[in-house]
Structure formats: structure tokens, C-alpha cells
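Chain letters run A, B, ... following the sequence lines, proteins first, then strands; residues in each count from 1. For the numbers below, each heavy atom of this structure counts, side chains included, while hydrogens, waters and symmetry mates do not.
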2 protein chains.
Amino acid sequence: MAGEVRETRPLRADARRNAEQLLAAARDVVVERGAGAPLDEIARRAGVGIATLYRRFPDRSALLRAVVLDALERTARAAAAALSEETDGFAALVRYMHAALDARVSAVIPLVLDILDPADDDLQSAREASAGLVQRVVDEAHADGSLPADVTFGDIGTLLVRLSRPLPGPVPPALDEELAHRHLDLLVEGLRPSPGRRAPGGPRLERADLRGLQEEARP
Amino acid sequence: MAGEVRETRPLRADARRNAEQLLAAARDVVVERGAGAPLDEIARRAGVGIATLYRRFPDRSALLRAVVLDALERTARAAAAALSEETDGFAALVRYMHAALDARVSAVIPLVLDILDPADDDLQSAREASAGLVQRVVDEAHADGSLPADVTFGDIGTLLVRLSRPLPGPVPPALDEELAHRHLDLLVEGLRPSPGRRAPGGPRLERADLRGLQEEARP
DNA sequence: CTCCAAGCGGAGAACGATCCTCCGGTTGTC
DNA sequence: GACAACCGGAGGATCGTTCTCCGCTTGGAG
């Protein structure tokens with residue numbers, strides 16, 4: 001599991017289980033309520049006392065850091081699997097996108113990333129590794145001709161954010177998840193090259209542009 | 001302007017201007033931070049003292065009610081314009097969707113609707129009028145054959161919610177808006193009927209299903 | 001131009017939510 | 001079976017939000 005606080009003697013079995021549940025609960029609650037979500041609620045959702053949360057993660061940013069590391073690791077794994085197990089570039093992209101959706105990964109990262117220390121080496125390298133693999137998925141689909149050149153890395157990333165965030169309002173989680181995949185299905189048909197396809201307007205953001213936005217936002 | 005608090009003597013010019021700015025600010029802030037957003041921030045964003053907000057809207061729900069009425073009115077107008085000024089059903093749908101995006105309308109409604117009094121007649125009829133017009137836009141595109149039958153009213157509505165919400169993280173508002181329209185362009189290509197098109201999986205939600213969700217959520 | 005009712009802004013007390021520690025009790029592991 | 005590791009939850013400290021009160025400003029009628 002990513003983002004362990006210390007690498008001392010292994011945790012007792014129950015403690016390790018609790019830490020995992022905390023991480024999962026933190027991911028869900030942050031996705032639903034933002035980076036400032038009450039820690040009490042995370043603990044409750046994990047089925048654990050608030051003290052256990054503080055024992056494992058000394059403060060909010062330690063917890064969020066662990067959540068992000070875990071998320072980045074999951075995206076990276078999904079991208080690597082898509083690259084190695086699919087032959088068609090477009091199929092790999094679609095597979096990656098569905099997997100990213102399942103991991104609720106794209107929703108949590110932008111919510112949390114600007115709270116964390118940008119100089120943190122572990123974070124930077126996890127980010128680099130993950131983004132690099134996704135870039136390769138996109139590049140191979142471009143090379144293939146199976147993804148139009150006017151659909152960029154930035155589009156894939158930001159579209160995943162839109163699809164990953166839960167819908168506001170009274171939508172039960174199970175339905176929400178089904179709908180997200182359905183909407184991805186619909187969208188994917190629009191990404192496919194086809195004879196009468198109209199090019200999208202607006203900015204074609206590349207990976208560097210996204211990075212640039214983030215650096216700009218830090219004074 | 002929709003949702004006026006009272007219909008007494010007309011407000012002084014500056015007061016009216018302030019009320020409009022408050023409504024716009026409330027819409028934006030609620031979209032960004034949810035229905036519980038601090039009222040101070042709304043006042044600040046409107047360039048107005050907090051007392052002015054309370055003077056015009058006695059409490060949070062009065063303000064939110066006005067925001068929702070305004071939003072519903074805008075969607076209705078957009079749908080009516082699309083119906084009357086476009087001949088092709090698909091073109092009308094696309095036009096409606098872009099207009100709805102501009103009005104940030106779909107984002108605000110689900111965030112706020114479950115806080116308001118479901119027995120409020122003005123709300124109910126505005127809701128009915130607005131949803132009815134959008135339903136007609138969808139129906140005509142279906143009748144046309146220009147929108148596949150497996151794309152439902154619920155899809156259009158929930159997709160608009162996804163596209164309308166601002167992206168989390170350091171995305172400047174202007175860029176965010178451009179991106180939303182770009183993503184709608186991409187999506188729309190997937191909604192268009194085409195020879196090799198794959199049908200989407202998942203639940204086909206109709207208008208009644210959405211209504212049903214909301215009623216379920218009220219105990 | 002004058003005047004005043006209508007409107008305004010912002011300070012700050014009251015309130016509620018969240019944080020985070022402390023300690024008596026429970027449980028995994030050797 | 002014993003003990004170290006771990007747990008839960010109560011509650012004081014802290015922080016953010018709400019909403020009122022009052023002295024100042026301003027639009028617009030005459």
C-alpha cells in the first residue's frame with residue numbers, strides 16, 4: 001500500500017486493516033466533500049475511532065499525501081496494464097479510462113494536489129511516473145491513427161476528472177458509478193475518428209500546459 | 001429577474017443592481033463550493049456588504065430559492081429558443097446544451113434543489129415548465145432520427161451537470177469555460193448517429209426516473 | 001439644489017462545527 | 001497467559017459562520 005507513514009516494524013494485523021480502511025474512506029470523502037472534509041467523517045466512514053486516524057496520520061496533510069500516492073500508483077498500474085495487454089491504441093486508451101474511473105483517481109488528485117508540498121520527492125516521482133505512462137497511452141493511440149490529433153493529453157485528463165466526480169444530488173453511489181461508465185461510453189464514440197467528425201473548438205492542452213497551470217497558481 | 005423576495009414598490013436603482021449581483025455571485029459561489037457556501041463570500045464576491053445580502057434575502061434558503069428560480073427560467077428560455085430557431089432536432093439539442101453550459105444552470109440545480117421546500121408552488125411550476133421544454137428538445141431529436149434512441153433525457157441532463165461543474169484545481173475561470181464547451185463538442189460527436197456506433201451500457205434514465213430519485217431521498 | 005427615506009457597510013457577540021489530546025479498556029501475538 | 005500494541009470516544013480549545021445593530025452614504029422627487 002502506498003503512502004505508509006513510517007517503515008518501522010510492521011503494524012499489527014488490525015492496525016494495518018484500519019489504515020487501509022482509512023485510506024479508502026479518505027479517498028471517498030475527499031472526492032465527495034473536498035480537501036477540507038471533516039476528519040471525523042473519514043474516521044466514521046472507515047469504521048474507526050477518530051484517535052486511530054490521528055495515530056496513523058499525524059495531520060491532515062499526511063493523510064492526503066497518502067491518498068494521493070495511492071491514487072497515483074493506481075493510475076500508473078492501470079496505464080501500464082492497458083499498454084501491455086491491448087494491441088490497438090484506442091482500445092488501450094478506453095480501457096485505461098474505464099479503469100481510472102473505477103479507481104476514482106482523477107477526482108481526488110486535483111482536489112488535493114495543491115495542498116501538498118510541491119518539493120516532496122516521493123510525490124514528484126509518483127506523479128512523473130504516472131503521467132508518463134498515461135502520456136504513452138495517448139501517444140500510442142495518436143501514432144495508431146486511432147485517436148485524432150486534436151484530442152490531447154489534457155483532454156483525456158480533464159475529461160476523466162469530469163466523469164470521475166460523483167454527481168451532486170440524490171444519486172445513490174451504485175447508480176452514479178454505472179452512469180459514469182455509461183457516459184464514458186458515449187464520450188468515447190466522439191473521440192473515435194470517423195468520416196464526418198467535426199473538430200472540437202477551444203484550447204488543446206498538453207501535459208506541459210497542465211503543469212504550467214499548477215506552477216502559476218503557486219505564488 | 002426571477003425570485004424577487006417581495007412585489008412591493010420597486011427597489012431603488014442601486015438596490016436592484018445589488019440584488020442582481022448577489023444572485024449572480026450566489027450562483028457562482030454555490031457552483032464552486034456547494035449549497036453550504038459561506039454567505040460572507042457571496043456578499044464579498046458581489047461587491048456588497050453582508051448586511052445587504054441579509055436585507056434582500058432573509059435567510060439562506062430564500063437566496064437559494066431565488067437562484068434556482070433564475071436558473072430554471074434561463075434553461076427554459078434556452079430550450080424555447082433552440083426549439084423555435086433551429087430546424088434540425090440535433091442542432092437544436094446541441095444549441096440548447098451550449099446555452100445551458102453558459103448559464104451554469106445545470107450545476108446549480110442539483111446542488112440546491114434538495115434543500116428547498118418541495119411543496120413550493122413557484123418552484124414546482126418553474127421546474128415543470130423548464131423540464132417540459134427540455135423534454136421536447138430531446139423528443140424532437142429522437143423523432144428526427146438525429147439522436148439515437150438509447151440516449152435519454154436523463155443522459156442529457158446528467159451530462160450537462162458533469163460539463164457545467166467547474167474543474168477542481170488551479171484552472172482559471174475563462175479557461176474552464178472554454179474547456180467545458182470543447183468537451184461538449186467532443187461529446188456531441190459521440191451522441192450523433194453513425195454507422196459503426198456502439199451502444200452505451202448502463203441505465204437509461206428518463207425524466208420520471210430522475211424525479212423518482214429525488215422523491216426517494218425525502219423520507 | 002436640497003432633503004430625507006431608502007439603502008449601505010462592517011464590527012463583533014453568539015453560535016456551531018471541527019480539531020486533537022488523553023486515558024481507561026480491548027485485542028493480537030509470542 | 002501476559003504484555004505490548006492498539007483502540008474508542010469524551011470533551012476542552014480553537015476556528016469559521018451567522019446575523020444583528022447602528023452610524024454613515026446616496027438616489028431621486030420636488
Side-chain angles (χ1 to χ4, degrees), chain A residues 1 3-67 111-112 115-116, chain B residues 1 3-67 111-112 115-116:
Chain A
M1 188 182 55
E4 218 69 313
V5 172
R6 315 288 333 279
E7 291 297 346
T8 61
R9 300 302 152 79
L11 294 173
R12 224 169 69 178
D14 53 346
R16 157 163 290 269
R17 191 174 347 108
N18 283 339
E20 272 161 23
Q21 282 164 346
L22 277 168
L23 216 50
R27 171 166 44 71
D28 291 352
V29 172
V30 166
V31 164
E32 284 166 32
R33 320 232 333 212
L39 299 182
D40 303 38
E41 178 165 347
I42 293 176
R44 194 173 344 114
R45 193 88 71 99
V48 139
I50 180 66
T52 298
L53 187 155
Y54 279 101
R55 197 172 301 114
R56 210 53 62 204
F57 303 98
D59 58 21
R60 170 175 248 111
S61 76
L63 175 59
L64 294 183
R65 176 176 184 275
V67 168
L111 279 170
V112 169
I115 287 179
L116 269 35
Chain B
M1 186 182 55
E4 218 69 310
V5 172
R6 316 288 332 281
E7 292 296 346
T8 62
R9 301 301 152 79
L11 293 173
R12 224 170 68 178
D14 54 344
R16 158 162 290 269
R17 192 176 345 109
N18 283 339
E20 272 160 23
Q21 281 165 346
L22 277 168
L23 216 50
R27 172 168 41 73
D28 291 352
V29 172
V30 166
V31 163
E32 284 166 31
R33 319 233 333 213
L39 299 181
D40 304 37
E41 179 165 348
I42 294 176
R44 196 173 342 116
R45 193 88 71 103
V48 140
I50 180 67
T52 297
L53 187 156
Y54 279 101
R55 196 172 301 113
R56 210 55 61 206
F57 303 98
D59 57 22
R60 168 176 250 112
S61 76
L63 175 59
L64 295 183
R65 176 175 184 276
V67 168
L111 280 170
V112 168
I115 287 178
L116 269 34

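Residue contacts shown for B:Ala51 include a base, since a base heavy atom lies under 4.0 Å away. Across all strands, B:Ala13 comes closer than 4.0 Å only to sugar-phosphate atoms, never to a base (heavy-atom distances). Here B:Ile50 lies in heavy-atom contact (under 4.0 Å) with a base. Across all strands, B:Gly36 comes closer than 4.0 Å to no nucleic acid atom at all (heavy-atom distances). Using a 4.0 Å heavy-atom criterion, one finds that B:Asp40 contacts the bases of the nucleic acid, with or without backbone contacts as well. Using a 4.0 Å heavy-atom distance criterion, A:Arg60 is classed as a sugar-phosphate-only contact.
Side-chain contact between B:Leu64 and B:Leu111: absent, with no pair of heavy atoms (C-beta onward) separated by less than 4.5 Å. When side chains are defined from C-beta on, B:Arg17 counts as touching B:Gln21, because their heavy atoms get closer than 4.5 Å. Looking at heavy atoms from C-beta onward, A:Leu53 lies in side-chain contact with A:Ile42 at the 4.5 angstrom threshold. At a threshold of 4.5 Å between non-hydrogen side-chain atoms, the residues B:Leu39 and B:Arg60 count as touching.
Counting to the nearest Å, the P atom of C:dT21 and the CG atom of A:Leu39 are 12 Å from each other. Residue B:Gln21 contributes atom CD, which lies 16 Å from atom P of C:dG7 at whole-angstrom precision. At whole-Å resolution of the value, CG in B:Leu22 and P in C:dG7 are 14 Å apart. Atom CG in A:Leu63 sits about 15 Å away from atom C1' in C:dT18, given to the nearest Å. Taking atom CZ on A:Arg56 and atom P on C:dC20, their separation rounds to 17 Å, with Å as the unit. We find that CZ of A:Arg55 is positioned 16 Å from P of C:dG25, with the value rounded to whole Å.
Contact between the side-chain N/O atoms of A:Arg12 and the OP1/OP2 oxygens of C:dT27 is not found at any separation under 4.0 Å. Residue B:Asn18 places at least one side-chain N or O under 4.0 Å from the OP1 or OP2 atom of C:dC8.
Atoms CG and CZ, from A:Asp40 and A:Arg45 in turn, are 13.0 Å apart once rounded to the nearest 0.5 Å.
Ion pair A:Arg27/A:Glu32 not flagged as a salt bridge, since none of the NZ, NE, NH1 or NH2 atoms sits closer than 4.0 Å to an Asp/Glu carboxylate oxygen.
Side-chain N or O atoms of A:Arg44 include none that pairs as donor or acceptor with a backbone N or O of A:Gly49 at under 3.5 Å.
Close approach of DNA chain D to chain B, defined as any atom under 4.0 Å from a non-hydrogen atom of the protein, starts and stops at D:dT17 to D:dG28.
Taking for each of B:Asp14 and A:Gly47 the nucleotide of DNA chain D with the nearest heavy atom, the 5'-most of the two is the partner of A:Gly47.
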